[in-house]
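Note that these values count all heavy atoms, side chains included, but never hydrogens, waters or copies made by symmetry. In each ligand, atom 1 is the first atom listed, and ligand 1 is the first ligand listed.
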Amino acid sequence: MTSLEWLLLLVPTAIYLFYRWSVATFDYFEKRGVPFVKPVPLLGGMWNFFSGKMHMVDAGSLGYEMFPDSRFSGFFAFRKPGYLIHDPELVKQITIKDFDHFADHTNVVPIEADPVLGRALFFTEGTRWKHGRSGLSPAFTGSKMRNMFALLSNYTEGAMGRLVDDARRDGGLELEMRDLFQKLGNDVTTSLSFGVEIDSVHNPNNEFMRRGKELIATDGIQGLKFLLLTVLPKSFFRTLRIRIFPKEATDFYVDVISKTIKQREEHNIVRPDFIHLLMQGRKNELKIDQADDQLKSAGFSTVEEHLQSSTENSQYSDLDITAAAASFFFGGLETTTTVICFALYEMSQNPNVKQMLQAEIDQVKEQLSTTDSKLSYEVLQNMKYLDMVVSETLRRWAPLGLTNRACTKPYTIEDNNGTKVTIQVGDLIQIPIQSIHRDHRFYPNPYKFDPERFSEENKANINRSAFLPFGSGPRNCIGSRLALMQTKCFLYYTLANFELELCPKTDVPIKLNKRSVSLDTLSGFWFRMVPRGEMKK
Ligand code: HEM
């Protein structure tokens, strides 16, 4: 045969074999009698996201809408089959009671590939995770949050004061809220996690802001790597030494942490932040406080810690401390910014909610000024309407609309029609937080923004298994208290200082950016900020 004839034979054969390989797993659910979302060759259910048809969370939760009567359905992440768990009681069983069958998240980063991300809690597995979680959890208790509150509150009060000055000087400010609260969140996280104070609103090009953006990027190549972590074997990243975070960003943070620790040790500096707590941790001095019992709740949405805390033998290296601090950035910045932006947007559409919240804030301000005191952690936590608004925002606009688990021990589940299947080690599990939060069976009129759902009288009717903004079980969000404290503090000072008017640049109703991995809008959240008492136009 001539070369051309070989080519004509081999190319179609290779294409055919590749096609057969790409669809080889697609009979997985049919064989097991599980309803499933029809996959597209090679991409599986990801096609709906890659083609721009759906947001990643909607594409991943499609089975929930398609099979409302099933407790679970099947999906394909590329070629890999996975189960979407619809029934909140089954979610609870998997994440709490039978946690030892689903102890890991699916995206595990080997430390040989990425020394920082591989040590960050969300991306660790097995004993490394257990050790890390029980060591870190004493740093997130109510008393530790209360000790950090002054740093957070003083910064936020100062930042809002500077914005009021800017607005007075310029006759109002027109700002995009995601950008603004990312800067404020970046400054707070840098202060609490790295012990450094910055002002990113007035100095947006500072290195912490630049590096912080690199850390949290979930688009482009970094985003693709995160996606591939779910479906490719860990050995792929380990063998090829594929980093997720850029090396320069990692080196920058390790250097900052090492210098800060050295300086604090040399000069006996104590600052109530995470570095201090983690330094205590490595000396086995980080303990649960007596006050923690009373300060357990930071509001309706707080999740409980399931593991026994322990800092015994926490041999934290500077790299471990850097990884913990970086993971707070990664886990906390986008998520808290999202809640604040959507809360402000919803209040612009529901002026009665905004008025009630501002009335509560004004009352607190008044009480504080008569006793000449400052806002405290306890006072903030006692603000009932603020808690209702934050809980409803977390329900309506859950920042992480999907979370996952990897099966670590075989597990049998049964559907309403009696079909039983055994989930095998390594199989993917997705938990559709957003779909559950928007299901009329749990929340009547689910698309209505209605903080009254969480009022004293009504909250007893909420099915706690169907409220999952911070996930569930031992792998729930370790930072829920910090997230709630920061979100409430930002909202308090924003609404205490400003009237916010939505600008025409922002779409109403809001249009989501389907290409974004996080919950983001196409046109941003543009508001005109006018200092209170100066409304004009
Ligand atoms: C409103 C803000 C936040 C939301 C909605 C949120 C939500 C979540 C969710 C849904 C999970 C997965 C839970 C699961 O799989 O069951 C998670 C995990 C995690 N979050 Fe958050 N989070 C927020 C803020 C924060 C903050 C401020 C921090 C740190 C300072 C943080 C650190 C983490 C970490 C480290 C994990 C992994 C825990 C583990 O695997 O053991 N998050 N978060």
Side-chain angles (χ1 to χ4, degrees), residues 57 85 88 91-92 94-96 99 102-109 117 119-126 128-137 139-140 144-145 148 152 181 185-186 188-194 215-216 273-274 277-278 298-299 301-307 323-343 390-391 393-406 429-434 436-437 465 467-491 518-519:
V57 172
I85 309 297
V91 169
K92 196 170 161 187
I94 283 177
T95 53
I96 303 176
F99 170 73
F102 301 95
D104 295 329
H105 281 136
T106 54
N107 0 37
V108 174
V109 177
L117 204 59
R119 286 177 165 80
L121 215 46
F122 199 94
F123 302 98
T124 53
E125 63 179 342
R128 178 178 281 279
W129 167 77
K130 203 167 175 187
H131 191 72
R133 175 92 190 204
S134 56
L136 274 184
S137 61
F140 284 94
K144 308 306 183 314
M145 294 301 110
M148 279 184 207
L152 167 67
F181 284 100
N186 177 76
V188 163
T189 314
T190 303
S191 164
L192 297 184
S193 301
F194 295 106
L215 276 194
I216 60 167
D273 54 18
F274 279 114
L277 294 174
L278 298 175
S301 317
T302 329
V303 281
E304 68 173 293
E305 187 57 47
H306 292 255
L307 285 196
S327 78
F328 305 159
F329 240 98
F330 194 80
L333 190 49
E334 275 301 300
T335 43
T336 39
T337 303
T338 301
V339 188
I340 293 160
C341 290
F342 278 99
V390 171
S391 303
T393 311
L394 284 165
R395 179 201 69 84
R396 176 68 183 86
W397 301 104
L400 287 186
L402 265 180
T403 187
N404 60 53
R405 293 290 184 277
I429 295 290
Q430 295 273 30
I431 300 167
I433 298 173
Q434 175 180 286
I436 294 174
H437 283 190
S465 308
F467 187 62
L468 303 161
F470 293 107
S472 169
R475 283 216 83 138
N476 65 17
C477 177
I478 199 171
S480 74
R481 282 185 195 83
L482 175 63
L484 291 167
M485 169 174 92
Q486 185 175 324
T487 303
K488 288 177 179 180
C489 186
F490 278 6
L491 284 174
S518 54
L519 192 62

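The shortest N or O to N or O distance between R133 and ligand 1 is below 3.5 Å. The N/O atoms of R475, backbone and side chain alike, include one that comes under 3.5 Å of an N/O atom in ligand 1. For ligand 1, none of its N or O atoms has an N or O atom of S327 under 3.5 Å away. For ligand 1, none of its N or O atoms has an N or O atom of T487 under 3.5 Å away.
In this structure, the protein non-hydrogen atom closest to atom 23 (C) of ligand 1 is T335 OG1, 3.4 Å. Looking from atom 28 (C) of ligand 1 to the surrounding protein, the closest heavy atom is G479 CA, 3.8 Å. In this structure, the protein non-hydrogen atom closest to atom 36 (C) of ligand 1 is F122 CD1, 3.8 Å. Protein heavy atom nearest atom 34 (C) of ligand 1, with residue, atom name and distance: I478 CG2, 3.9 Å. Among all protein heavy atoms, the one lying closest to atom 9 (C) of ligand 1 is L400 CD1, 3.5 Å. From the protein, the heavy atom lying nearest to atom 6 (C) of ligand 1 is F470 CD2, 3.6 Å. Scanning the protein for heavy atoms near atom 19 (C) of ligand 1, the closest one is C477 CA, 3.8 Å.
In this structure, R405 is part of the shell of residues with a heavy atom less than 4.0 angstrom from ligand 1. Residue F140 places a heavy atom under 4.0 Å from ligand 1.
Taking every heavy atom of both residues into account, K144 and L277 meet most closely at CD-CD2, 3.9 Å. What you find for G471 and N476 is that their closest heavy atoms are C-CB, 4.0 Å. Considering all non-hydrogen atoms of both residues, S518 and E334 come closest at OG-OE1, 3.9 Å. Nearest approach of Q486 to V188, heavy atoms of both residues: OE1-CG1, 3.8 Å.
Contacts of H105 with ligand 1, taken as heavy-atom pairs under 4.0 Å, involve the side chain alone. With a 4.0 Å heavy-atom cut-off, ligand 1 is reached by no atom of A120. Contact annotation for L482 and ligand 1: only side-chain heavy atoms (C-beta onward) come within less than 4.0 Å of the ligand.
Atoms of ligand 1 lying under 4.0 Å from any heavy atom of P469, numbered from 1 in the order shown and given with element: 5 (C), 7 (C), 10 (C). Taking a cut-off of under 4.0 Å to the non-hydrogen atoms of P399, the atoms of ligand 1 that pass are 5 (C). Close approach of ligand 1 to G471 is summarised as follows: ligand atoms under 4.0 Å from at least one heavy atom of the residue are 10 (C), 13 (C), 14 (C), 16 (O). Residue contact check: S472 has heavy atoms under 4.0 Å from atoms 16 (O) of ligand 1. Near T403, the atoms of ligand 1 lying under 4.0 angstrom from a non-hydrogen atom of the residue are 12 (C), 14 (C), 15 (O).
A donor-acceptor contact shorter than 3.5 Å is absent between the side chain of S193 and the backbone of T190.
To the nearest 0.5 Å, atoms CD (E305) and CG (L136) are separated by 9.5 Å. In this structure, the separation between CZ on F470 and CG on L394 is 5.0 Å, given to the nearest 0.5 Å. Considering CZ of F99 and CG of D104, their distance stands at 7.5 Å, rounded to 0.5 Å. Within the model, atoms CG of L519 and CH2 of W397 stand 6.5 Å from one another, a figure rounded to the nearest 0.5 Å. The distance from atom CD1 of I429 to atom CD1 of I94, rounded to the nearest 0.5 Å, is 5.0 Å. Note: T403 OG1 to L468 CG = 9.5 Å, rounded to the nearest 0.5 Å.
For atom 27 (C) of ligand 1, the nearest non-hydrogen atom from the set G401, G332, S137 comes from G332. For atom 1 (C) of ligand 1, the nearest non-hydrogen atom from the set T338, V303, V339 comes from V339.
Side-chain contact between I96 and S472: present, with at least one pair of heavy atoms (C-beta onward) separated by less than 4.5 Å.
Side-chain rings of F467 and H437 approach one another, their centers coming within less than 6.0 Å.
Between F140 and F328, the ring-plane angle classifies as perpendicular under the 30° and 60° cut-offs.
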